[in-house]
Amino acid sequence: MALFGKNKKEGLDHSQILLPSHIGIIMDGNGRWAKKRGLPRKAGHSAGAKTFRKITRYCSDIGIKYLTVYAFSTENWKRPDDEVKSLMKLFKSYLEEALEDFKDDSIVVKFIGDKSKFDDDLRSLMIENEESSKDRNGMVLNIAMNYGSRDEIIRAVKNICTDVMDSKLLKDDIDEKIFSDYLYTSGQPDPDLIIRPSGEYRISNFLLWQSAYTEFVIMNKLWPDFEKSDLDEALKIYSSRNRRYGGV
Ligand code: IPE
Ligand code: IPE
Ligand code: MG
């Protein structure tokens, strides 16, 4: 099987490998990237945002159906005020400008996480982006903002309780499929592959339920340095894995 085009410079031939339908990325390492250069952490976040734009478009170009990126966790609010403020500012400018770009690629934008903690301007921009992209037919891009998987699971449990009390749902009908439908990722396939740049070997409260049988690839590059070729490398590793789902 020819994994690469005629010469290696052409990069990975995506038609020759098994592509994941759904990729998750924990966009980590912005702060260390900035520190290495003697820059403020917010410079790392700006550089990371550029990488986000590049890798999202690349995933769409090569035919990935779902991409979930972890942008801000429920735990990230505990960072210093000025860092949180600069992240919120960055999110705003991104939702105003960069997401406009994704129009050309027919990308459907969704936000997973609790929107209620953001200020009105940011929340409106999030809703506007979801509304204006919902009828497109390209890749689904889930942006996890104020997302925490434990928080998502608790929210699902509460909503299930309400529906059982209102007789909209029978307790005995609750199964894995119904439970999944109460999560932010309702209706979407579980991630096949989760990539974590920056070399950390942990999940940090990302897609806990959904990643029961996900393949993990940890990479040593910091997110702002992450290239299309690094994604290709992760895809190659993924395609060589033997997924058994508990079978033989
Ligand atoms: C990821 O980069 C971005 C967010 C969590 C918002 P970090 O800011 O966590 O970067 P490191 O891990 O400190 O290098
Ligand atoms: C995970 O990174 C969250 C995002 C990338 C948004 P963190 O940097 O917050 O995770 P820890 O603290 O290393 O576990
Ligand atoms: Mg980090």
Side-chain angles (χ1 to χ4, degrees), residues 22-56 58-59 66-95 98-99 109-119 122-123 125-126 129 141-155 183-185 191 193-211 214-227 230-231 234:
H22 186 170
I23 300 179
I25 304 181
I26 301 176
M27 304 189 292
D28 195 23
N30 297 349
R32 278 163 281 174
W33 182 92
K35 194 171 176 204
K36 256 173 61 182
R37 287 163 179 74
L39 297 169
R41 289 179 62 87
K42 69 175 183 194
H45 295 312
S46 299
K50 289 200 184 87
T51 305
F52 155 71
R53 208 160 167 168
K54 174 178 72 186
I55 297 299
T56 297
Y58 188 54
C59 285
Y66 297 87
L67 172 67
T68 302
V69 292
Y70 204 4
F72 193 84
S73 76
T74 45
E75 288 73 36
N76 288 148
W77 296 104
K78 61 169 95 126
R79 294 187 177 202
D81 256 12
D82 64 331
E83 180 168 352
V84 171
K85 272 202 192 107
S86 65
L87 276 164
M88 295 303 134
K89 211 169 137 205
L90 190 65
F91 291 148
K92 267 182 211 164
S93 66
Y94 253 70
L95 298 193
L99 291 180
V109 181
K110 288 181 197 271
F111 292 92
I112 62 168
D114 178 5
K115 292 188 185 82
S116 70
K117 265 224 175 177
F118 296 111
D119 72 24
L122 188 47
R123 194 170 41 254
L125 276 168
M126 292 164 91
N129 270 286
L141 168 67
N142 296 312
I143 305 179
M145 271 171 55
N146 190 27
Y147 175 86
S149 201
R150 287 186 166 185
D151 184 65
E152 174 184 41
I153 289 168
I154 297 285
R155 175 183 171 271
L183 299 175
Y184 290 119
T185 48
L193 165 67
I194 288 182
I195 304 169
R196 183 159 191 163
S198 93
E200 305 291 0
Y201 285 73
R202 58 178 168 265
I203 186 100
S204 302
N205 207 6
F206 187 51
L207 304 176
L208 301 179
W209 169 276
Q210 297 89 333
S211 65
T214 299
E215 296 295 324
F216 282 88
V217 173
I218 311 285
M219 304 186 86
N220 271 321
K221 281 270 182 86
L222 301 171
W223 177 244
D225 289 329
F226 200 86
E227 296 289 345
D230 296 309
L231 190 95

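Each ligand, and each atom within it, is numbered from 1 in the order the structure gives. All values derive from a computational prediction rather than experimental measurement.
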Exercise for the section: Could you tell me whether Arg202 and Asp28 have a side-chain N and a carboxylate O separated by less than 4.0 Å? Expected result: no
Handout entry: Under 3.5 Å: donor-acceptor pair, side chain of Asn142, backbone of Val109
Key = no
Problem - Distance in Å, Leu67 CG paired with Cys59 SG, rounded so as to fall on 0.5 Å steps - result: 4.5 Å
Fill in the blank from the handout: Note: Ser149 and Phe206 closest approach over all heavy atoms is CB-C, 4.2 Å
Handout entry: Lys54 bridged to Asp225 by N-O distance under 4.0 Å
Key = no
Problem - Separation of Met88 CE from Phe72 CZ (nearest 0.5 Å) - result: 4.0 Å
Practice task
Indicate yes or no: does Glu200 engage Arg32 in a salt bridge with an N to O separation below 4.0 Å.
Solution key: yes
Practice task
Report the C-alpha distance between Trp77 and Tyr147 in whole Å, list the side-chain angles of each, state the deciding distance to 0.1 Å, and finish with yes or no for ring-ring contact (aromatic ring centres under 6.0 Å, His included).
Solution key: CA-CA 11 Å; Trp77 296 104; Tyr147 175 86; over 10 Å; no
Problem - Near ligand 2, at a heavy-atom separation below 4.0 Å: residues by chain and residue number - result: Ile26, Met27, Asp28, Tyr70, Ala71, Phe72, Asn76, Arg79, Arg196, Arg202, Ser204
Completion exercise
At a cut-off of 2.8 Å, protein N/O/S around the Mg ion (ligand 3) gives Asp28 OD1
Practice task
Any chance you could measure Thr74, atom OG1, to Lys117, atom NZ, to the nearest 0.5 Å?
Solution key: 8.5 Å
